[in-house]
Amino acid sequence: MSVTETVLNAVTALFVNFDSEAAAELMKPDYIQHNPSVPTGAAPLLGFLPALKESGLTATPHRILTEGDLVVLHATYHNAQAFGAETLVAFDVFRVEDGKLAEHWDNLQAAVPADQTASGRSMTDGTTEITDRDKTAANKTLVTNFIDAVLYGKAPETITDYITPDNYAQHNPLVADGLDGLGAALQAMADAGTPMSYKETHIVVAEGNFVFAASEGYLGNQHTAFFDLFRVEDDKIVEHWDTLSPIPTEFAHENGKF
């Protein structure tokens, strides 16, 4: 199986069929867990499957992208009270080793309906097709440079080198489309005493027109994980999805968020 097929089969076994035997065949016993609330290793997650099945949890995948041994899954989980809310939007990142899941990072955020978002878009709708695979490296460089210059605040005035002002579809529930919408949201955060700052990016995964980045920083004084997905078209970032989640001070393991 390809690494993508391994992840899809494992996710199906875990969160669709709740089949611990099938899932165990696709997970390393020393599976490294970075979800703050779940103990590390395969056994704790496998042992939790009966409770997840009883809860009625369902998973709806939206996008999947793969680079090397890393696979990013953008999905919605329903009946997800066990993970913190009735409906959650998630980015799950899996590292595959020797045909099995070896490591997992995720970021979960309560879903906001489209009729309640600043852009009128949901947190998961929009383009799904992967194209321009021949531009993967160039698109990865573009987004990496954008994060460094704009999100880290080193050269925010260069933002139009990366985003066309009137062609930026936004899926963050608090941000309207376009650069005007982004600017207004950032100003509102600053005015409320919760400015957003990125400090370090740990994971970047690109496939074709999609580039994913997992970073950490702060919302005000709150240590926060930022998982961002960007779509690139004609050498510009044209669409953005994300999840934000506080990074707690206590974990169910010693692996940290990243």
Side-chain angles (χ1 to χ4, degrees), residues 3 6-7 10-11 14-15 23-24 26-49 51-52 57 59 64-75 77 80-85 88-98 100-110 140 143-144 146-148 151-154 172 194-206 211-230 241-258:
V3 294
T6 297
V7 168
V11 169
L14 286 166
F15 302 122
L26 294 167
M27 300 177 68
K28 295 178 71 70
D30 58 351
Y31 177 74
I32 301 170
Q33 178 65 259
H34 294 276
N35 181 299
S37 301
V38 181
T40 200
L45 181 57
L46 296 173
F48 197 37
L49 294 186
L52 291 181
L57 179 82
I64 187 166
L65 57 150
T66 302
E67 183 181 13
D69 60 356
L70 295 177
V71 179
V72 179
L73 179 64
H74 188 201
Y77 293 96
Q81 290 87 345
F83 294 119
L88 289 165
V89 176
F91 283 105
D92 290 280
V93 184
F94 299 94
R95 181 174 63 85
V96 177
E97 182 181 295
D98 298 328
K100 296 188 177 185
L101 304 192
E103 193 165 7
H104 170 252
W105 304 259
D106 65 356
N107 219 41
L108 307 164
Q109 182 175 338
K140 186 175 185 178
V143 169
T144 301
F146 166 75
I147 292 170
D148 185 65
L151 298 184
Y152 286 178
K154 295 179 180 179
N172 180 301
T194 55
M196 181 175 66
S197 60
Y198 281 60
K199 299 300 183 184
E200 186 174 1
T201 299
H202 297 273
I203 301 169
V204 180
V205 176
V211 182
F212 167 84
S215 307
E216 67 177 296
Y218 289 86
L219 277 178
N221 295 322
Q222 176 63 62
H223 194 196
T224 300
F226 304 100
F227 281 32
D228 295 281
L229 179 63
F230 303 92
W241 302 259
D242 66 351
T243 59
L244 286 69
S245 180
I247 299 176
T249 56
E250 296 184 3
F251 283 72
H253 48 72
E254 297 181 354
N255 303 324
K257 181 73 175 180
F258 296 101

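Annotation for Val3 and Gly68: closest pair CG2-O, 3.5 Å, computed over non-hydrogen atoms. When every heavy atom of Ala213 is checked against every heavy atom of Ile147, the shortest pair comes out as CB-CD1, 3.6 Å. Between Ala82 and Leu52, the shortest heavy-atom contact is CB-CD2, 4.0 Å. The nearest pair of heavy atoms linking Asp148 to Lys154 is OD1-NZ, 2.7 Å. Between Phe258 and Ser215, the shortest heavy-atom distance links the atoms CZ-O, 3.4 Å. Taking both residues in full, the closest heavy atoms of Ala23 and Leu14 are given as CB-CD2, 3.6 Å, listed atom of the first, atom of the second, then distance.
By the 30° and 60° cut-offs, the orientation of the rings of Tyr198 relative to Phe226 is parallel.
The salt bridge (charged side-chain N to carboxylate O under 4.0 Å, His left out) pairs that include a residue from residues 30-46 number zero, where partners must be two or more places apart or lie in different chains.
Atoms CD1 and NE2, from Ile203 and His34 in turn, are 7.5 Å apart once rounded to the nearest 0.5 Å. Here the CD atom belonging to Glu216 is positioned 12.5 Å from the OG atom belonging to Ser245, to the nearest 0.5 angstrom. For the atom pair Lys140 NZ and Phe212 CZ, the distance stands at 12.0 Å (nearest 0.5 Å). One finds the CD1 atom of Ile32 at 7.5 Å from the CH2 atom of Trp105 (value rounded to the nearest 0.5 Å). In this structure, OH in Tyr218 is found 15.0 Å from CE in Met196, a value given to the nearest 0.5 Å. Taken from OG1 in Thr243 to CG in Asp228, the straight-line distance is 8.0 Å, to the nearest 0.5 Å.
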Practice problem: Check step by step if side chain to side chain contact (heavy atoms under 4.5 Å, CB included) holds for Lys257 and Asn107. | Solution: CA-CA 9 Å; Lys257 181 73 175 180; Asn107 219 41; 3.0 Å; yes
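Distance alone, capped at 3.5 Å, is enough to place a donor-acceptor pair between the Thr40 side chain and the Tyr31 backbone. Side-chain N or O atoms of Asn255 include one that pairs as donor or acceptor with a backbone N or O of Gln33 at under 3.5 Å. Using a distance-only test at 3.5 Å, with no hydrogens or angles considered, a donor-acceptor pair links the side chain of His253 to the main chain of Asn35. The backbone N or O of Val71 sits nowhere less than 3.5 Å from a side-chain atom of Thr66 that would complete a donor-acceptor pair.
For Ala51, the side-chain contact (heavy atoms from CB on, under 4.5 Å) criterion is met by Phe48, not counting sequence neighbours.
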Under 3.5 Å, which donor-acceptor pairs do the side chains of residues 88-97 form with other protein atoms, sequence neighbours left out?
residue : atom : partner : partner atom : Å
Asp92   : OD1  : His104  : NE2          : 2.7
Asp92   : OD2  : Tyr77   : OH           : 3.1
Arg95   : NE   : Glu103  : OE1          : 2.9
Arg95   : NH1  : Glu97   : OE1          : 2.8
Arg95   : NH2  : Glu103  : OE1          : 3.2
Glu97   : OE2  : Lys28   : NZ           : 3.4

